[in-house]
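Each remark here refers to the structure printed beneath this line.
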Amino acid sequence: MITVGLGTYTPGWKQNVVGYDVPEGVEIRGRYDGEFAKILTKEAVQFVAELQREFRNRIRYALECRKEAKRRYNEGALPGFDPATRYIREGHWVCAAVPPAVADRKVEITGPVERKMVINALNSGAKVFMADFEDALSPSWENLMRGQVNLRDAVNGSISFQDKARNRVYKLNDQTAKLFVRPRGWHLPEAHILVDGEPLTGCLMDFGLYFFHNYESFRRTQGAGFGPFFYLPKMEHSREAKIWNCIFEKAEKMAGIERGSIRATVLIETLPAVFQMDEILYELRDHSVGLNCGRWDYIFSYVKTFQAHPDRLLPDRVLIGMTQHFMKSYSDRLIWTCHRRGVHAMGGMAAQIPIKDDPAANEAALDLVKKDKLREVRAGHDGTWAAHPGLIPACLEVFNTNMGNSPNQIQTVKREDTANLTEEDLLQRPQGVRTMEGLRLNTRVGIQYLAAWLTGSGSVPLYNLMEDAATAEISRVQNWQWLRYGVELDGDGLGVRVSRELFFRVVEEEMARIEREVGKEKFKKGMYKEAGKMFTRQCTAPTLDDFLTLDAYNNIVVHHPKIGSSRL
C-alpha cells in the first residue's frame with residue numbers, strides 16, 4: 001500500500017490493465033470503476049475537454065480580475081456600483097420568460113449528490129431539489145463520480161438505494177421535486193483529470209458530464225421541453241456570468257436544442273456581486289431563472305472583502321441575521337432587481353435539523369424557522385431554502401398561506417420602495433458584540449467540519465444545524481481577522497484581547513471538548529487532529545487564504561495508477 005497525500009493507493013494487476021478510454025490530450029488519474037466508465041465515455045470526456053480548451057483562458061482572466069479587485073480592497077477601496085454599466089442597471093429589459101416547469105419554487109431543499117440523499121430530497125415534498133457538487137460535498141474522486149451516477153439514475157427514474165442497516169429500500173415517488181444541479185465554483189480544480197497537462201476546471205467537469213448524459217431525458221421527464229436547470233455559485237462579477245452564458249450556448253449547440261433551454265439561478269453570495277446583480281442577470285438573460293440570497297457565504301465574503309479594514313470587524317456570527325441593515329438591504333435589493341427583470345428572487349437557507357430527543361427545543365427551533373420564512377415571504381421572496389426534509393411542511397405552509405394559489409410573487413410584489421438603496425446601505429457596519437464563546441464556537445465548528453470534509457462528508461450536522469463549507473469559512477476568516485487585529489472580546493465584560501496565545505489555548509480546550517462530545521473512539525479514528533492543525537494554520541497565517549477548501553483539497557486527491565505527488 002502506498003500513501004498519496006492523505007489518501008491511499010493499492011497497486012494491483014487489474015489497475016494496470018483496465019483504464020478509461022480517453023480522447024487525445026486527456027489523462028484520467030482517478031480510480032477506474034466500471035460504473036464510472038459509463039459516465040466517463042470518450043464522447044462525454046471529449047465534450048468536457050472542449051469546454052476546458054475553449055474557456056480556460058477566460059476563466060483564468062476572471063480569476064486574475066478577482067485578485068486585482070482584492071488588491072484594491074486591501075488598499076482601502078470599497079466595492080460599489082460600476083459607472084460603466086449604469087445603462088444596464090437603468091435600462092428597460094427583462095429576462096426570458098420563466099419555464100412553466102419551475103414557476104413554483106416556494107420551497108427548495110439542498111444537499112449533496114449522495115444516493116440516499118438524492119432520493120429523499122426528490123421525495124421530500126419540496127418544489128425543487130438542488131443537488132450539490134459544491135459546498136455540501138467533499139470533492140473526492142469517489143464522491144464526484146458516484147454523484148454523477150446517482151444523478152443519471154435519478155433523471156432516468158431508475159435510482160434506488162438499499163439501506164441494509166434499516167432493512168429498507170428507497171425509491172422515487174411518482175411526484176418528485178424538480179432537479180437543479182450546483183457545480184463547483186471557478187476556483188476549484190479537478191486534479192484527477194488533466195487536459196493538455198493541466199488540471200480540469202472543476203465546474204466544467206460537474207456541468208459537462210451531467211449535461212452530456214442527462215439533457216435529453218431531463219427535458220422530456222422534468223423540464224417540459226426546458227432544461228437542465230442549474231445553480232451557479234461564488235460569482236463576483238458579471239464577466240463570470242458571461243462565461244457561463246457562453247458555456248450554455250455551446251452546450252445547447254452541441255446537443256441541438258433551442259437557445260435558452262438551459263436555465264440557471266445565480267447565488268448572490270459574495271459582497272462584490274451584490275453591486276452586479278442587474279449585470280449578472282443581463283449577461284444570462286436568455287438563461288436566467290433568478291437570483292438567490294446565499295447568506296452564509298455572503299457573510300464569509302464580507303469578512304474576506306474587508307480583511308484589511310479593521311473598522312469593519314463583524315460581531316459574533318450568531319448575531320449576524322437578516323435583520324442587520326446590510327443583510328436586509330441585500331435581500332431587499334435582490335427582490336427588487338429580480339422582479340423588475342421578471343425572474344425569481346429566492347430566499348436563504350434554514351439550516352436547522354429536527355431535535356428528536358428534546359420536543360421543547362425542537363418546537364423553539366421550528367418557531368425560529370417559521371418567523372424567518374414569514375419575513376422572507378412578506379419581503380417578496382418567491383421561495384426559500386431548507387436543509388432537512390423535516391422543515392419542508394412548515395416552510396411550505398408559511399409560503400402557501402401568504403401567497404395563496406400564486407406560484408410566485410414576480411408580478412405582484414415589486415418593492416419599488418427599495419429602488420433607492422445606496423452603496424452605504426449595502427456596506428453598513430453590522431452591530432453587535434464579540435465574545436469568547438463566539439471564538440470558541442468558530443473554532444469548534446470549523447475543526448469538526450474540516451475533519452468531516454477530510455473523511456468524505458461535506459454536509460455535517462453540528463449542534464442541531466446542518467453545516468456546509470460556508471459555515472466553516474465564516475469561522476475561519478472571522479478568527480483570522482480577530483487575531484490579526486487583536487480585537488477586544490467586548491461582550492463578556494472581561495475585556496480580553498484575542499492573541500495567538502489565547503487562540504492556541506482555545507484550540508487546545510476545544511479539541512478536548514470535541515473528544516468528549518464525539519467519544520474517544522470516533523476521535524481517534526477521525527481526522528480531528530489533522531483538521532485542528534490545518535484550521536489553526538489557516539487562522540494564524542500571515543495572509544488570508546481565499547478558500548479553506550482549496551488548501552484542504554490536496555489532502556483528498558488520490559492518483560491512480562500513476563504514483564506521484566498529489567500536490568497541485
Side-chain angles (χ1 to χ4, degrees), residues 20-30 36-66 113 131-134 137 139 141 144-145 147-148 151-152 155 180-216 218-219 227-235 237-264 266 283-284 286-288 568:
Y20 297 103
D21 183 16
V22 294
E24 196 177 335
V26 177
E27 187 183 341
I28 297 182
R29 294 185 174 183
F36 300 173
K38 292 174 188 172
I39 299 294
L40 294 165
T41 62
K42 194 170 186 177
E43 296 76 17
V45 174
Q46 180 64 39
F47 173 60
V48 171
E50 284 172 12
L51 292 178
Q52 177 73 8
R53 287 172 179 135
E54 183 164 338
F55 295 104
R56 59 190 167 197
N57 287 336
R58 289 175 66 176
I59 293 167
R60 205 171 283 141
Y61 175 70
L63 294 176
E64 283 301 317
C65 289
R66 284 186 183 182
V113 287
D132 198 12
F133 282 104
E134 201 227 4
L137 191 80
W141 177 251
L144 292 164
M145 291 312 303
Q148 291 286 351
L151 293 184
R152 179 203 63 197
V155 172
F180 278 60
V181 172
R182 177 163 73 171
R184 284 167 282 178
W186 295 121
H187 62 284
L188 282 167
E190 180 43 64
H192 299 95
I193 300 182
L194 304 183
V195 177
D196 305 329
E198 293 178 349
L200 175 63
T201 305
C203 61
L204 296 183
M205 169 179 166
D206 304 336
F207 166 80
L209 293 176
Y210 172 73
F211 178 84
F212 186 89
H213 289 291
N214 298 291
Y215 73 86
E216 203 170 348
F218 185 95
R219 287 160 55 77
F229 304 133
F230 295 91
Y231 257 101
L232 304 177
K234 302 284 187 290
M235 217 174 273
H237 194 279
S238 60
R239 73 172 64 84
E240 299 170 28
K242 188 169 188 171
I243 300 171
W244 270 118
N245 198 67
C246 293
I247 289 167
F248 292 163
E249 287 178 351
K250 182 177 176 70
E252 287 164 344
K253 196 172 177 185
M254 179 281 294
I257 57 178
E258 299 83 9
R259 190 166 178 268
S261 293
I262 298 170
R263 294 303 178 94
V266 172
E283 293 297 353
L284 281 161
D286 293 329
H287 294 102
S288 178
L568 297 181

Is the backbone of [Y] close enough, under 3.5 Å, to the side chain of [X] for a donor and an acceptor to pair up by distance?
X: Asn214; Y: Tyr210; result: yes
X: Asp286; Y: Gly260; result: no
X: His237; Y: Ala62; result: no
X: Arg184; Y: Gly202; result: yes
X: Glu27; Y: Gly197; result: no

Please enumerate all residues that pass ring pair (Phe, Tyr, Trp, His ring centres under 6.0 Å) together with [X], with sequence neighbours excluded.
X: His287; answer: Phe248
X: Tyr231; answer: Phe180, Trp385
X: His187; answer: Phe547

*Taking the side chain as every heavy atom from C-beta outward, state whether Leu284 and Val266 have any pair of such atoms under 4.5 Å apart.*
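Yes - at least one pair of side-chain heavy atoms lies under 4.5 Å apart.
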*Do Ser261 and Tyr215 have side chains that get closer than 4.5 Å, going by heavy atoms?*
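With C-beta onward as the side chain, the pair stays apart.
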*Could I get the full list of salt bridge (charged side-chain N to carboxylate O under 4.0 Å, His left out) partners for Arg239, not counting sequence neighbours?*
none
*So does Arg58 pair up with Glu240, basic N to acidic O under 4.0 Å?*
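Not counted as a salt bridge, because no side-chain N and carboxylate O are separated by less than 4.0 Å.
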*Less than 4.0 Å between a side-chain N and a carboxylate O, is that true for Asp196 and Arg56?*
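Looking at Arg56 and Asp196, the cut-off is met.
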_Under the criterion ring-ring contact (aromatic ring centres under 6.0 Å, His included), I'd like the reasoning laid out for Phe218 against Phe229: C-alpha separation, chi angles, the key distance, then a yes or no._
CA-CA 9 Å; Phe218 185 95; Phe229 304 133; 5.2 Å; yes
*Can you establish whether the number of heavy atoms outside Lys250 located under 6.0 Å from its atom NZ is more than 12?*
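Buried by this count: over 12 neighbours within 6.0 Å.
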*Should the pair His192 and Trp141 be assigned to parallel (<30°), tilted (30 to 60°) or perpendicular (>60°) ring geometry?*
tilted
*Who passes side-chain hydrogen bond (donor to acceptor under 3.5 Å, both in side chains) against Thr201, sequence neighbours left out?*
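Result, side-chain hydrogen bond (donor to acceptor under 3.5 Å, both in side chains) vs Thr201: Gln52.
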*Audit row: Phe207, Ile262, side chain to side chain contact (heavy atoms under 4.5 Å, CB included) steps and yes/no*: CA-CA 11 Å; Phe207 166 80; Ile262 298 170; 4.2 Å; yes
Quick one: [atom1] on [X] to [atom2] on [Y], what's the gap to the nearest 0.5 Å?
X: Ser288; Y: Asn245; atom1: OG; atom2: CG; value: 9.5 Å
X: Glu134; Y: Leu188; atom1: CD; atom2: CG; value: 7.5 Å
X: Gln46; Y: Arg53; atom1: CD; atom2: CZ; value: 6.5 Å
X: Leu144; Y: Phe133; atom1: CG; atom2: CZ; value: 6.5 Å
X: Phe47; Y: Thr41; atom1: CZ; atom2: OG1; value: 11.5 Å
X: Cys246; Y: Phe55; atom1: SG; atom2: CZ; value: 5.5 Å

Between [X] and [Y], which heavy-atom pair has the shortest distance, and what is it?
X: Ile39; Y: His213; value: O-NE2, 2.7 Å
X: Pro23; Y: Val45; value: CD-CG1, 3.7 Å
X: Tyr20; Y: Gly30; value: CE1-O, 3.8 Å
X: Ile193; Y: Leu40; value: CD1-CD2, 4.2 Å
X: Leu51; Y: Ile247; value: CD2-CG2, 4.2 Å
X: Gly227; Y: Ile257; value: O-CD1, 4.2 Å

*Please step through side chain to side chain contact (heavy atoms under 4.5 Å, CB included) for the pair Arg259 and Lys253, ending with a clear verdict.*
CA-CA 8 Å; Arg259 190 166 178 268; Lys253 196 172 177 185; over 6 Å; no
*Passes side chain to side chain contact (heavy atoms under 4.5 Å, CB included), Arg29 versus Leu194? Steps please.*
CA-CA 8 Å; Arg29 294 185 174 183; Leu194 304 183; 3.6 Å; yes
_Listing request: all salt bridge (charged side-chain N to carboxylate O under 4.0 Å, His left out) pairs with a residue in residues 37-52, at least two apart in sequence or in separate chains._
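For residues 37-52, and leaving out neighbouring residues, the salt bridge (charged side-chain N to carboxylate O under 4.0 Å, His left out) pairs sorted by first residue read Glu35-Lys38.
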_From CA spacing to verdict: side chain to side chain contact (heavy atoms under 4.5 Å, CB included), Glu258, Glu252_ = CA-CA 7 Å; Glu258 299 83 9; Glu252 287 164 344; over 6 Å; no
